[in-house]
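Each remark here refers to the structure printed beneath this line.
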Number of protein chains: 4
Amino acid sequence: MITIDTSGFIPIYEQIKKGIKSEVSLGVLKPNQALPSIRDLAAELVVNPNTVARAYRELELEGFISTRKGKASLVAENSSALIEKEKTRLIEEVIDRAISEARKFGLNSSEIKKIVESRLKNQERRSEGVGK
Amino acid sequence: MITIDTSGFIPIYEQIKKGIKSEVSLGVLKPNQALPSIRDLAAELVVNPNTVARAYRELELEGFISTRKGKASLVAENSSALIEKEKTRLIEEVIDRAISEARKFGLNSSEIKKIVESRLKNQERRSEGVGK
Amino acid sequence: MITIDTSGFIPIYEQIKKGIKSEVSLGVLKPNQALPSIRDLAAELVVNPNTVARAYRELELEGFISTRKGKASLVAENSSALIEKEKTRLIEEVIDRAISEARKFGLNSSEIKKIVESRLKNQERRSEGVGK
Amino acid sequence: MITIDTSGFIPIYEQIKKGIKSEVSLGVLKPNQALPSIRDLAAELVVNPNTVARAYRELELEGFISTRKGKASLVAENSSALIEKEKTRLIEEVIDRAISEARKFGLNSSEIKKIVESRLKNQERRSEGVGK
DNA sequence: GTGGTCTAGACCACC
DNA sequence: GTGGTCTAGACCACA
């Protein structure tokens, strides 16, 4: 489910954190449900277990999951609520960043809208084609 | 002109590179025009000269500027053409990233479009308010 | 393997780059093989790690090696092909420079050929003598 | 007569020094003959006068030319002898460097000889074509 | 342990 | 004054 981009500057553990949050937000992971073990997820993402461990650790610090030694980590009871609050912020943040980036290159609002629409269509077409 | 975000994950030298490219793209910097000296720009951005030097060095390797010892760095003759090519790539990249981020949280195309439009308006209103 | 000439005008990082390229070209380093770590190579060459880091960074930008944080740098999959292209260019460049240098001092083609041959023999004799 | 390569790492003043030496060696400049003024040569080479001044200064230190304030610099009486000694050394040095460069990339003596011959022919053809 | 970024500060080559 | 190279050493991200 989670996809890792190793080429960029965004740390892998941040990408994992965001991935878990998005899965909770989507209902793929539900409160009190067990998360994949650190080893399993690390194997799946082809990533060092320490990296997954760090993502889990920080998610726990932020209250999204709870971990106990020797037992699987659980999605926190109130994680949905927490994430719902974060969700808007996260999305607006990334969209704001994209917009300001485009503006830096001199695009105005309507031009930005056009590109967004064309990229949205572009991606839809691609994902239909792949059929996944 | 260039603003540095020291909080994030994007290296300062990358932000400087992007800043210069956007200024060339906007026509603030024109081909054969002198760039600010490394020391000056470093002072302006409150950053170490080496960091600016790295940005300039990489911009030269990529062909956007030309530097000679003892002389100011110049925007390359063909930089506009080079950057025009990059511009589209850079903008689409950042917009694609924002879109995929939003999709991860379960938003569909029309929802994304709505948020984009609302953020665009939001920013317009703010910049009008500031009047700058 | 790599020898650094600190006396000349050629930057150390350039000498390191050329050294790595020649080792790939010779097959001492093979695609997907790990390069010596920055710190190790720096210690071996008695050079600052930053200098080696710069060489590695530029080699990566040029596509000869690939690096990931926390992992050793690897010789790129397609490095052999890339370097084969560079090899001819590099050698012709240095030979052209030597020839034009000799011509500046009034030597004609056959005189240059003679000197080249005598230097070639000279070196062979020396390397035989050393027996290494 | 002297050609300057601004792209490489070899300092311009070194190229000028070598150029003067080669002209003395070729007899273009003769002992006791006046050298071009710093300003004139600088203008001709499109180079900063300070750079030419440095070349002249070092040539004087090495005994190849003599300068007196307010008067043109002169080729030293014994410059030919001095340069004849240097000439062999300079040429062998640059040829040795080219050879060792080629060897680094795995070429053997006969391969190097072939490249040298082909480059020699290549240059002859080009200079005939240009007719200069 | 690895590589990546940044700072501070030195020295050089050139204008 | 300019940019270029190098060192020394800190801190971070990742394995």
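Reminder, nothing fancy here: chain letters follow the sequence lines and each chain counts from 1.
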When the distance from [atom1] of [X] to [atom2] of [N] is rounded to whole Å, what number comes out?
{"X": "A:Ile4", "N": "F:dA13", "atom1": "CD1", "atom2": "P", "value": "16 Å"}
{"X": "C:Asn48", "N": "F:dA10", "atom1": "CG", "atom2": "C1'", "value": "13 Å"}
{"X": "B:Ile10", "N": "E:dC6", "atom1": "CD1", "atom2": "P", "value": "11 Å"}
{"X": "A:Leu45", "N": "F:dC14", "atom1": "CG", "atom2": "C1'", "value": "15 Å"}

Intra- and inter-strand pairs of DNA chain F in dot-bracket (Watson-Crick or G-U wobble, both distances under 3.5 Å; | for another strand):
||||||||||||||.
Does a side-chain N-to-carboxylate-O contact under 4.0 Å join D:Glu14 and D:Lys18?
no
Is it true that C:Glu60 and C:Arg57 have a side-chain N and a carboxylate O under 4.0 angstrom from each other?
no
Minimum side-chain heavy-atom gap D:Leu59-D:Lys21 below 4.5 Å:
yes
Is [X] reaching over with its side chain to a backbone N or O of [Y], donor-acceptor style, under 3.5 angstrom?
{"X": "D:Glu101", "Y": "C:Val94", "value": "no"}
{"X": "B:Gln15", "Y": "B:Asp5", "value": "yes"}
{"X": "B:Glu23", "Y": "B:Ile20", "value": "no"}

Spacing of CD belonging to C:Glu58 relative to CD1 belonging to C:Ile65, to within rounding of 0.5 Å:
10.5 Å
Distance, nearest 0.5 Å, that separates CG of A:Leu82 from OG of A:Ser25
12.5 Å
Close N/O contacts between protein and nucleotides 1-5 of chain E (under 3.5 Å):
| residue | atom | partner | partner atom | Å |
| --- | --- | --- | --- | --- |
| E:dT2 | OP1 | C:Ser37 | OG | 3.2 |
| E:dT2 | O2 | C:Gly70 | N | 3.0 |
| E:dG3 | OP1 | C:Ile38 | N | 3.3 |
| E:dG3 | OP2 | C:Ile38 | N | 2.8 |
| E:dG3 | N7 | C:Arg39 | NH1 | 2.8 |
| E:dG3 | O6 | C:Arg39 | NH2 | 3.2 |
| E:dG4 | OP1 | C:Thr67 | OG1 | 2.8 |
| E:dT5 | OP1 | B:Tyr13 | OH | 2.7 |
| E:dT5 | OP2 | B:Arg54 | NH1 | 3.1 |
| E:dT5 | OP2 | B:Arg54 | NH2 | 2.9 |

